[in-house]
Amino acid sequence: QVSLVESGGGLVQPGDSLRLSCTASGVTSSPYVMSWFRQPPGKEREFVATTSRGGLRTSYANSLKGRFTISREDAKKTVYLQMNNLKPEDTAVYYCAANRNSLILSETWNRNAYDYWGQGIQVTVSS
């Protein structure tokens, strides 16, 4: 049984930083594609960032470039999301997603392309 478990969320103030982690279990090797999505209150789930095995390819939602950084440690089957200068509009449930095989870049932005999902973790940015 494959599972993705997120950690590192919480309540922070505007301007603070957080690092989310997501670890895959039940797989023999690190999934080829690991990504982050988020779902703000009352809105649809949206793409945040993606990375391929070995970190050879990364991509971000345009609005988040420069503040968010995705990285991974394949030996630990873990993907990270470093979030800096957080804003109230970053408040959302953040989800980790993974795909066993490679995806073309445009597919990585589509939540329907993924094999596995984490349960989600709350990030709240509020003063």
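Computed from a prediction, not measured in an experiment: that's the story for all the values here. Residue indices begin at 1 and follow the sequence shown.
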Item to complete: Share the residues that join I104 in a hydrophobic cluster, the rule being Ile, Leu, Val, Met, Phe, Trp or Tyr side chains under 4.5 Å apart at the heavy-atom level.
Response: none
Item to complete: Please write out which residues are connected to L11 in a hydrophobic cluster, directly or through intermediates, given that two of Ile, Leu, Val, Met, Phe, Trp, Tyr count as joined at side-chain heavy-atom separations below 4.5 angstrom.
Response: none
Worksheet entry | Partner residues of E107 under the salt bridge (Lys or Arg N to Asp or Glu O under 4.0 Å) criterion, sequence neighbours left out | none
Discussion item. Closer than 3.5 angstrom, by distance alone: can the side chain of S52 be matched with the main-chain N or O of R57 as a donor-acceptor pair?
Written reply: yes
Fill in: Pairs where residues 40-85 contributes a residue and the test disulfide (SG to SG under 2.5 Å) is met, not counting sequence neighbours
none
Discussion item. Going by the rule side-chain contact (heavy atoms from CB on, under 4.5 Å), which residues pair with S71 if we only count those two or more places apart in sequence or in a different chain?
Written reply: Y80
Worksheet, complete the sentence: disulfide (SG to SG under 2.5 Å) pairs touching residues 55-91, sequence neighbours excluded, are none
Worksheet item: Quick one: CZ on F68 to OG on S17, what's the gap to the nearest 0.5 Å?
Response: 9.5 Å
Worksheet item: About how many Å separate CD of Q82 and CD1 of I70, when rounded to the nearest 0.5 Å?
Response: 12.0 Å
Discussion item. For residues 68-84, which residue pairs pass the salt bridge (charged side-chain N to carboxylate O under 4.0 Å, His left out) check, not counting sequence neighbours?
Written reply: R72-D74, E73-K76
Worksheet item: Under the salt bridge (Lys or Arg N to Asp or Glu O under 4.0 Å) test, which residues partner R100, sequence neighbours left out?
Response: D115
Fill in: Between OH on residue Y116 and CE on residue M34, distance to nearest 0.5 Å
11.5 Å
Fill in: Closest non-hydrogen atom pair, N99 against N101
ND2-O, 3.0 Å
Mind listing the side-chain donor-acceptor pairs of residues 88-95 below 3.5 Å, one per line with the distance, residues two or more places apart or on another chain?
residue, atom, partner, partner atom, Å
D90, OD1, R38, NH1, 2.9
D90, OD1, R67, NH2, 3.0
D90, OD2, R67, NH1, 2.8
D90, OD2, R67, NH2, 3.3
D90, OD2, K87, N, 2.8
T91, OG1, P88, O, 2.9
T91, OG1, V125, N, 2.9
T91, OG1, V125, O, 3.4
Y94, OH, R38, NH1, 3.0
Y94, OH, D90, O, 2.6

Worksheet entry | Note, V2 side chain near V27 side chain (heavy atom, < 4.5 Å) | yes
Worksheet item: Can you name the closest pair of heavy atoms from A24 and L4 and give their distance?
Response: CB-CD2, 3.5 Å
Worksheet entry | Residue pairs, two or more places apart or on separate chains, that pass salt bridge (charged side-chain N to carboxylate O under 4.0 Å, His left out) and touch residues 2-24 | none
Worksheet item: Any disulfide (SG to SG under 2.5 Å) pairs touching residues 14-127, not counting sequence neighbours?
Response: C22-C96
Discussion item. Check for me, please, whether L18 and Y60 land in the same ILVMFWY cluster - side-chain distances under 4.5 Å, paths through other members count.
Written reply: yes
Worksheet entry | ring-ring contact (aromatic ring centres under 6.0 Å, His included) contacts touching residues 11-40 (sequence neighbours left out) | F37-F47, F37-Y114, F37-W117
Worksheet item: If we ignore angles and hydrogens, is there a donor and acceptor under 3.5 Å between the side chains of S59 and T50?
Response: no
Discussion item. Can a side-chain donor-acceptor contact be found between Q122 and T124 if the only test is distance below 3.5 angstrom?
Written reply: yes
Fill in: Q119 side, atom CD; S3 side, atom OG - distance, nearest 0.5 Å
9.0 Å
Practice prompt. Measure across L81 and A49 and return the closest heavy-atom pair with its distance rounded to 0.1 Å.
Written response: CD1-CB, 4.4 Å
Worksheet item: Got N62 and K65 here, is their nearest side-chain heavy-atom distance under 4.5 Å?
Response: yes
Worksheet item: Is there a chain of hydrophobic side chains (I, L, V, M, F, W, Y, each step under 4.5 Å between heavy atoms) that links W109 to V48?
Response: no
Worksheet, complete the sentence: Correct closest heavy-atom pair for E46 and P40 would be OE2-CG, 4.2 Å
